[in-house]
Amino acid sequence: MPVVFIEGGSMSKSKKWVALALAVALVLAVGLTGCASKTDEGTTGETTGGETATVELKTIEAGKLLVGSDTAFPPFESMNGDVAEGFDVDLMKAIGEKLGLEVTFQTEIFDTLIPTLKAGGKFDVIASGMTIKPDRQLEIDFTDPYYDSNQSLVMKKGTAYTGPEQLAGKKIGVQSGTTGEAWAKENVEGATLVPFKNATDAFAALQAGNVDAVVNDLPVSTELLKDDDRGMEIVAQIPTGEQYGFGVSKDNPDLTAAINKALGELKADGTYNEIYQKWFGILPE
Ligand code: ARG
């Protein structure tokens, strides 16, 4: 950064202060513009040692961000006709706007998301209420966390639940490949786990009496049981302390970095809170 010296000369004391203030303002303005990163179409500013280099984002289709998601997981993602909507959808679209990329959601079965992303060519990002977990982090990268979650146990209305031992000999519906399934495997002895391809199918099976309980992410269970009395209720909240992140291929670290930067900006400028309020009716804690 340039340093500006002011010669004493014949300036009066007050003039000297004005000149000094102007010089400081000039130095600051030059410095700040020089450090600010520019975001262009599908590119992102990256700061390396004070210099700004513009990185072209690598996506499957130029100018687009293809997103894989199991879109039966409200309020994070669900289908309204043939249009995906939800918290993840709005957040991903806001991120896309920051990156100059057009976001398109495509529906995939949850437990195929990671292998398909790894194989490449179908979508660039997973946005699917996916919990950041060490075993998944061996396969793909995750962005910074964007939502805190827990599990829930759902049973027929009026069931007095006392603890996991009550589930011995029972059938528990879970969504295949989820943390809910993992929790049930680790914490319930002597029960039969019945895997479903999505959470809504597991709920339908409980309603029909084909399973005795469902373990599923708490905010989604809350949403699925919100309006209509389906004869089921959340009998226990299970504090697993999970955090959702967006999944990106390990071959595309620039994309992960760009999403993190956009996410940070959306949190700082209030957009994240607006989207949160829209889908959860409250502000994040
Ligand atoms: N958070 C849980 C997990 O990561 C469940 C996510 C299910 N998401 C979905 N869109 N079906 O395993």
Side-chain angles (χ1 to χ4, degrees), residues 66-80 83-93 103-118 122-154 172-188 193-206 211 213-226 234 236-248 275-276 279-280 284:
L66 306 183
V67 182
S69 181
D70 167 45
T71 52
F73 207 60
F76 296 94
E77 44 264 335
S78 57
M79 294 308 289
N80 185 354
V83 181
E85 62 173 28
F87 179 72
D88 286 351
V89 179
D90 282 353
L91 192 53
M92 213 58 240
K93 281 191 179 155
V103 168
T104 348
F105 268 67
Q106 45 188 272
T107 300
E108 307 284 337
I109 306 285
F110 186 78
D111 66 5
T112 67
L113 285 168
I114 290 179
T116 308
L117 179 71
K118 270 191 84 175
K122 204 157 181 207
F123 48 83
D124 304 293
V125 185
I126 296 170
S128 198
M130 188 177 272
T131 303
I132 303 170
K133 283 177 77 196
D135 57 339
R136 291 176 178 164
Q137 284 171 309
L138 295 175
E139 310 280 321
I140 57 170
D141 284 342
F142 281 93
T143 63
D144 294 336
Y146 67 87
Y147 184 86
D148 293 339
S149 193
N150 285 307
Q151 290 297 314
S152 65
L153 184 71
V154 179
I172 305 179
V174 292
Q175 184 181 8
S176 214
T178 61
T179 47
E181 177 179 56
W183 180 88
K185 272 187 187 155
E186 280 157 31
N187 294 282
V188 184
L193 294 195
V194 185
F196 291 91
K197 81 176 193 312
N198 60 44
T200 45
D201 285 359
F203 274 74
L206 176 60
V211 296
V214 166
V215 180
N216 183 55
D217 291 29
L218 177 61
V220 176
S221 298
T222 305
E223 179 69 19
L224 287 173
L225 299 174
K226 191 176 70 179
I234 296 169
Q237 301 196 359
I238 307 164
T240 46
E242 296 173 44
Q243 292 191 301
Y244 297 167
F246 299 118
V248 182
I275 298 173
Y276 194 103
W279 291 102
F280 301 103

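All ligand and atom numbering here is 1-based and tracks the order in the structure.
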For ligand 1, the portion of Q243 having any non-hydrogen atom under 4.0 Å away: neither
Which ligand 1 atoms does Y244 reach within 4.0 Å, using its non-hydrogen atoms? 1 (N)
Report the C-alpha distance between Q137 and I132 in whole Å, list the side-chain angles of each, state the deciding distance to 0.1 Å, and finish with yes or no for side chain to side chain contact (heavy atoms under 4.5 Å, CB included). CA-CA 7 Å; Q137 284 171 309; I132 303 170; 3.4 Å; yes
Among all the protein's non-hydrogen atoms, which is closest to atom 1 (N) of ligand 1, and how far away is it? D217 OD2, 2.6 Å
At under 4.0 Å between heavy atoms, is it the side chain or the backbone of Q175 that contacts ligand 1, or both, or neither? side chain
Measure the distance from atom 11 (N) of ligand 1 to every protein heavy atom, then report the residue, atom name and distance (to 0.1 Å) of the closest one. D70 OD2, 2.6 Å
T143 (side chain) donor-acceptor with F246 (main chain) under 3.5 angstrom: yes
Where is the nearest protein heavy atom to atom 8 (N) of ligand 1: which residue, which atom, and how far? S128 O, 2.8 Å
Ring centre gap for F280 and Y147 strictly below 6.0 Å: yes
Check ligand 1 against T179 and write out every atom of the ligand that is under 4.0 Å from a heavy-atom position of the residue. 1 (N), 2 (C), 3 (C), 12 (O)
With a heavy-atom distance limit of 4.0 Å, tell me whether F76 approaches ligand 1 through its side chain, its backbone, both, or neither. neither
For atom 6 (C) of ligand 1, which protein heavy atom lies nearest, and how many Å away is it? G129 O, 3.2 Å
Cut-off 3.5 Å, side chains only: do D88 and Y146 have a donor facing an acceptor? yes
